[in-house]
Amino acid sequence: MAGISITLPDGSRRSLPHGATAGDLAAQIGPGLSKAALVAEVDGEEVDLSAPLSEGQQVSIITADSDAGLTVLRHSTAHVLAQAVLDLYPGATYAVGPPIQDGFYYDFDLPDGATISEDALEAIEARMREIVAADQPFERHEVSVADGLELFADHPYKREIIETVAMAATPEDQQAADEMAAEVAGDGQISYYRNSDAFIDMCRGPHVPSTGRLGHFKLMSVAGAYWRHDAGRPSLQRVYGTAWATGKDLASHLHRLAEAEKRDHRRLARELDLLSWPAELGPGLAVWHPKGAAVRRVIEDYSRRRHDEGGYELVFTPHIARSELWETSGHLDFYRESMYPPMELDGGAYHPKPMNCPFHVLIYKSSLRSYRDLPIRMFELGTVYRYELSGAVHGLMRSRGFTQDDSHIFATPEQAPAEIASLVAFVLSVLRAFGFDSFDARLATRPPDKSIGGDAEWEMATEALQGALEAAGLEYELDEGGGAFYGPKIDVDVRDAIGRSWQLSTIQVDFQLPERFDLEYAGADGGRHRPVMIHRALMGSIERFFGVLIEHYGGAFPAWLAPVQAVILPVAASHCHYAAEVEARLSRDGFRVQVVDAQEPLGRRIRAAKLQKLPYVLVVGDDDAAHRTVGVNARGGDGDERGVPLEDFALRLARDVDDHR
RNA sequence: GCCCGAGUAGCUCAGUCGGCAGAGCAGCUGUCUUGUAAACAGCCGGUCGCAGGUUCGAUUCCUGUCUCGGGCUCCA
């Protein structure tokens, strides 16, 4: 009897009877794999386990251990969510439900504008568990476009997807169609999955064999979302969920979320008295309390010092400027909706600045520059104001007023590559100083449609950025066409202590502003030439950087950053005098220390200090006063050290600060 | 800006099916004088986010509005 022969990922071959499916193959390989198998990859394409195999194919069985398997699992769970919602809300219709990071969502439109409340999630989840318990098969079917339209006659969003995919006429349609194809099928056929008499969903697939394979999920939240991202289209009810391969993975994900919530900088900002957002100021505007300001000062001082050492010159510029400046710079053209409106006075219109660049350009233009002067590196902690959508502001991470650690480098085209190369190293060095050691970078290249500058310039700049990334040994993603219209850029994200990614740094080459402001330098040939301008924000904004630092450290700042480095606790009132002496001694070296007098029991004061997450609690009593020592209780240490000579502690703290611990 | 949800003491949160507003922590005062994560007692503390409406009466119901949270969009 003739069979077929297929190849496994390890290169080995297997024979199977005609008509055998990927599921049969998994079963032949072993019962463990058969049980774990979710879908298969056949000649590079993911298919259902029920798909028949044919001669000569490359087949690998995908389980939930892989990202691909997990994605399928989440996608299938989204289908179960849709089934449950359509079941529980008669008349509801569904839009799209893709897998996303950590889980999935599904968008619904409920009859009469009804909404799904968070309280309803429990009931939906319960229905989902029934569907899982019923172990319904995901059966794949394919029909023609016409039949598909009929099948989904009651579901306008699905019909729209079919129509968009099937009838893409213009390139715009084609783009929309490509996006939606992920939800459907291809090749003139509409694929859908049926997992009970009552429920079908259009989908390209593949899916797990049956709902019984799912189960480690949890519905998380409800939100509004527009159909096809368009504010003019209906607003849908989006239900978010998380799904994992095992209960253990799910539990650890939920644990991570709980940890992240504990680290939320808005919560810690209040608990540690760092800053607040008075409603009186308006959204996205914070006031820095003394303790937050103390940390900010360390951050800024460090930044200034590094820039001094790096050959930058510090500048200051005002917060508002005439609208003419913003016309010249082009901001009023392409950035107006993010700018605060003008203040009219003295016959002029003044806008708060959304960026510092034009000011630095004017400093450059204040005199004729020679090639001998270049590169000129200007640095400013420049506060800018941007009108962010009210729904977009988020603590320190997204605010309406913030201070950029902003640099603009003016260089000859020949100097630009070396400048860029040193910039990447500079950026990483400063970020590392703040305890970040894991980075993700993106190189964004020339947009295909419209951009300014010559091909040679773009190529030079892009190569320089790329070379800089490689020289720094930084892995990066290529964002083809993702650059600004005025130049290519590198964005650097840092990973924090619990693995989350934050965009901080950006290095952008700009061919535009030098043109717009007609910047020149006198070259060695005596002729006038156009300099290249490089924008660079390293921390991005001091506010966001501080927010990321708070969450990275969970509020437990290393000694060099901590707003209070040590609190000094006299055991009893009789030790207050010595405590003051210790305070004076440590303050003399510039340390940030505080005495808390003995009006409350020692244990209570220790607890209060610990809750403030201070690096050191120093306890001083009779023995210490007699021998000029301190009792040292270090954060994270096991227990306390008694009788530490005061001078030794001062040295230890100094070392911590030097080493950025 | 849009969708959903929430605003009660400085903080975390109860509560009022429309009828004098509650706790813990924090703060203050007193007692205690303390050696490594919460001493004891008492006190203060609220236009129940704001403005209208309905009602004999609104913190509670309705409308509007502001702020916050989760999303969409956008971004440092």
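Residue numbers begin at 1 in each chain, while the letters A, B, ... track the order of the sequences.
A/Y335 comes within contact range of no nucleotide atom at all, as no heavy-atom separation falls under 4.0 Å. Looking at heavy-atom distances under 4.0 Å, A/S505 makes no contact with the nucleic acid at all. Within 4.0 Å (heavy atoms only), A/R238 reaches sugar-phosphate atoms of the nucleic acid but no base atom. Base engagement by A/A573 is indicated by at least one non-hydrogen atom pair under 4.0 Å involving a base atom.
Base pairing of B/rU47: no nucleotide in any strand meets the Watson-Crick or G-U wobble criterion (both distances under 3.5 Å).
Evaluation of atom-type donor-acceptor distances gives a pair under 3.5 Å for the side chain of A/R544 against the base of B/rC75. Side-chain to base pairing of A/D640 with B/rG35: no donor and acceptor N or O lie closer than 3.5 Å to each other. Residue-to-nucleotide contacts include a donor-acceptor pair under 3.5 Å from the side chain of A/R607 to the base of B/rA38.
The residue among A/G284 and A/S574 whose nearest nucleotide of RNA chain B is located toward the 5' end is A/S574. For A/Q404 and A/A279, each mapped to the nucleotide of RNA chain B holding its nearest heavy atom, the one lying further toward the 5' end belongs to A/A279.
At B/rG71, none of the side-chain N or O atoms of A/S221 fall inside 4.0 Å of OP1 or OP2 (strictly under the cut-off). Between A/Y387 and B/rG1, a side-chain N or O to OP1/OP2 separation shorter than 4.0 Å is present. The shortest distance between the side-chain N/O atoms of A/R604 and the OP1/OP2 oxygens of B/rA39 is below 4.0 Å. Phosphate contact (OP1/OP2 of B/rG71, side-chain N/O of A/H394, threshold under 4.0 Å): absent. An OP1 or OP2 oxygen of B/rG69 is reached within less than 4.0 angstrom by a side-chain nitrogen or oxygen of A/R266.
Here the P atom of nucleotide B/rC3 and the OH atom of A/Y240 are 16 Å apart, to the nearest Å. If you take CD1 of A/I100 and C1' of B/rC72, they are 12 Å apart, rounded to a whole angstrom. We find that CG of A/D622 is positioned 10 Å from P of B/rG35, with the value rounded to whole Å.
With sequence neighbours excluded, no residue forms a ring pair (Phe, Tyr, Trp, His ring centres under 6.0 Å) with A/F591. Partners of A/H627 under the side chain to side chain donor-acceptor pair (under 3.5 Å) rule, at least two apart in sequence or in another chain, do not exist in this structure.
B/rA76 has A/F402 stacked on its base ring, the centres lying under 5.5 angstrom apart and the planes within 30 degrees of parallel.
How far CZ of A/R386 is from CD of A/E337: 11.5 Å, rounded to the nearest 0.5 Å.
Nucleotides B/rU47 and B/rC20 have their C1' atoms positioned 15 Å apart, rounded to a whole Å. A gap of 13 Å separates the C1' atoms of B/rU59 and B/rG22, to the nearest Å.
The environment of CD in A/E122 is sparse: at most 12 heavy-atom neighbours from other residues, nucleotides or ligands sit within 6.0 Å.
The pair A/R442-A/D493 counts as a salt bridge, with a side-chain nitrogen and a carboxylate oxygen less than 4.0 angstrom apart.
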